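None of the values given here were measured: they were computed from a predicted structure.
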Amino acid sequence: MRLPSSVRHSSLVAPDTVDPEFCLTVRGADQFFELAYSEGARFVVDAAAKRIWGTWIPPLTIEDLSTYLLGPVMGFILRQRNILCLHASAANIAGRAVVLCGESEAGKSTTAAALALRGIPVLAEDVSPLKEESGTFYVEPGYPRICLWPSAVDTLFGTPDALPLLTPTWEKRFLPLDGVRGKFEPQRKPLGTIYLLGPRTAEADAPRIETLGKREALLQLVQNTYMNWLLNRAQRAAELDALARIVARVPVRKIVPHRDPARVGALCDLIVTDAERLFAGRGSAELRPPHLHVFSL
């Protein structure tokens, strides 16, 4: 492209991670956005986030390109369309969206997969888009699979190669939500509750759930929206207002997982029991309280 360009964001490989380097370049007067990954995948998105071009260099394959497209590139597109997204997985429990929110490697995908193996339909993995209609927030469905590292596959299935590879060039695998081992929820669901996954611990009472004040819950959610570095000042203000409405309307709680991955079953039991208890007897009106508290940060 022979257009003026400027780098809007770049990230280097962090220690102890396997994430590739990433660079976002703006072409022209915000006419196009180029998303380039150090492994060789490259995407160009138009200003309206309606057209996408993608390319790759060997040894990457079309499967690698698809993996980027269905993950961070789609997250970028949603944010460009001003759709609020949490860095979270989500499942349908008792007809409502239960959102598992947290940083990378917090256990969002592993927990979602464990819930799926128990017959609980999964709405979204890693990126959970939210839309507000008539005072209610809904979680929109994502793509019907869950991406897992071999260690997580080993925890859930007893062997690290029990699931198919995402791509021929990468060790990550996926659980298809095709109704065989796990179910996909194709319909959006009203947001029921959000669980923030905290650091793992070896304490005897873990996993456990802790209550959060609304101010602390809001601060935590602000840090766990997807690609929030993309937002300008006006967009950040709008996002903060939306998050404040969420905190005022739905429970936000903290989960302290156990360090032992074998306790993921106990974690699932805890989430399902707590969510069902929260939802018991609640009508739709309770998701839309008449008064909204404004937080000052």
Side-chain angles (χ1 to χ4, degrees), residues 18 41 52 54 56 60-78 83 85-102 104-131 138-192 195 197 226 261-262 264-265 267-269 271-272 275-276:
V18 294
I52 312 166
W56 70 94
L60 296 189
T61 65
I62 187 64
E63 289 86 359
D64 292 285
L65 199 73
S66 299
T67 299
Y68 280 111
L69 175 63
L70 295 171
V73 176
M74 194 58 63
F76 173 83
I77 290 168
L78 290 168
I83 295 174
C85 297
L86 292 177
H87 194 187
S89 297
N92 172 13
I93 297 178
R96 293 180 181 165
V98 172
V99 172
L100 308 171
C101 196
S104 297
E105 302 183 12
K108 303 181 297 294
S109 297
T110 303
T111 307
L115 289 169
L117 294 174
R118 291 168 172 244
I120 295 172
V122 172
L123 266 165
E125 186 244 339
D126 198 52
V127 182
S128 291
L130 281 77
K131 289 186 178 180
Y138 293 87
V139 179
E140 300 288 338
Y143 191 74
R145 74 180 183 192
I146 301 174
C147 303
L148 297 166
W149 291 109
S151 57
V153 178
D154 189 29
T155 296
L156 297 172
F157 294 94
T159 176
D161 58 358
L163 296 177
L165 289 167
L166 274 170
T167 83
T169 66
W170 203 17
E171 64 176 338
K172 207 165 189 179
R173 296 175 180 269
F174 71 96
L175 173 65
L177 299 176
D178 54 6
V180 178
R181 285 174 165 171
K183 296 180 181 179
F184 178 62
E185 177 52 69
Q187 303 295 326
R188 70 178 189 173
K189 294 297 175 183
L191 177 60
Y195 294 106
L197 294 171
Y226 196 78
V264 68
L267 177 59
C268 290
D269 291 339
I271 291 170
V272 172
E276 289 178 342

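Counting only distance, with no hydrogens or angles, the side chain of Lys108 and the backbone of Gly102 share a donor-acceptor pair below 3.5 Å. Panel note: side chain Arg188, backbone Tyr138; no donor-acceptor pair is recorded below 3.5 Å. At distances below 3.5 Å, not a single donor-acceptor pair connects side-chain atoms of Arg96 with backbone N or O atoms of Ala275.
Donor-acceptor pairing under 3.5 Å is recorded for the side chains of Thr61 and Asp64.
To the nearest 0.5 angstrom, Ile146 atom CD1 is 9.0 Å from Thr110 atom OG1. Distance check: Ile77 CD1 to Ile83 CD1 gives 10.5 Å after rounding to the nearest 0.5 Å. The structure places CG of Leu100 at 11.0 Å from CG of Leu86, a figure rounded to the nearest 0.5 Å. Within the model, atoms CG of Leu130 and CD of Glu140 stand 8.5 Å from one another, a figure rounded to the nearest 0.5 Å. The line from NZ of Lys131 to CG of Leu191 is 15.0 Å long, rounded to the nearest 0.5 Å. From Trp149, atom CH2 reaches atom CD of Glu105 across 7.5 Å, with rounding to the nearest 0.5 Å.
Listed by chain and residue number, nothing satisfies the side-chain hydrogen bond (donor to acceptor under 3.5 Å, both in side chains) test with Ser66 (two or more places apart in sequence, or in another chain).
Pairs engaging residues 117-127 under the side-chain hydrogen bond (donor to acceptor under 3.5 Å, both in side chains) rule: His87-Asp126, Ser109-Glu125, Arg118-Asp269 [sequence neighbours left out].
Closest heavy-atom contact between Leu165 and Phe174: O-CE2, 3.4 Å. Closest heavy-atom contact between Val139 and Ala97: CG2-CB, 3.6 Å. When all heavy atoms of Ala116 and Leu177 are compared, the closest pair comes out as CB-CD2, 4.1 Å. Across Ala106 and Leu197, no two heavy atoms sit closer than the pair O-CD1, 3.9 Å. In terms of heavy atoms, Ala114 sits closest to Cys268 at CB-SG, 3.4 Å. Taking every heavy atom of both residues into account, Tyr195 and Ile271 meet most closely at OH-O, 3.7 Å.
Within the 4.5 Å cutoff, the side chain of Tyr226 has no heavy atoms near those of the Pro129 side chain.
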For residues 180-187, run the donor-acceptor check on the side chains, cut-off 3.5 Å, and write out each pair with its distance to 0.1 Å, sequence neighbours left out.
{"from": "Arg181", "atom 1": "NH1", "to": "Ala162", "atom 2": "O", "distance (Å)": "3.4"}
{"from": "Glu185", "atom 1": "OE1", "to": "Asn92", "atom 2": "ND2", "distance (Å)": "2.9"}
{"from": "Glu185", "atom 1": "OE2", "to": "Gln187", "atom 2": "N", "distance (Å)": "3.1"}

### Task
Could you go through the side-chain contact (heavy atoms from CB on, under 4.5 Å) check for Val122 and Leu175 one step at a time?
CA-CA 11 Å; Val122 172; Leu175 173 65; over 6 Å; no
### Evaluation steps, side-chain contact (heavy atoms from CB on, under 4.5 Å), between Leu123 and Lys189
CA-CA 8 Å; Leu123 266 165; Lys189 294 297 175 183; 4.0 Å; yes
### Task
Go through the steps for Val272 and Leu115 under the test side-chain contact (heavy atoms from CB on, under 4.5 Å), then give the verdict.
CA-CA 9 Å; Val272 172; Leu115 289 169; 3.9 Å; yes
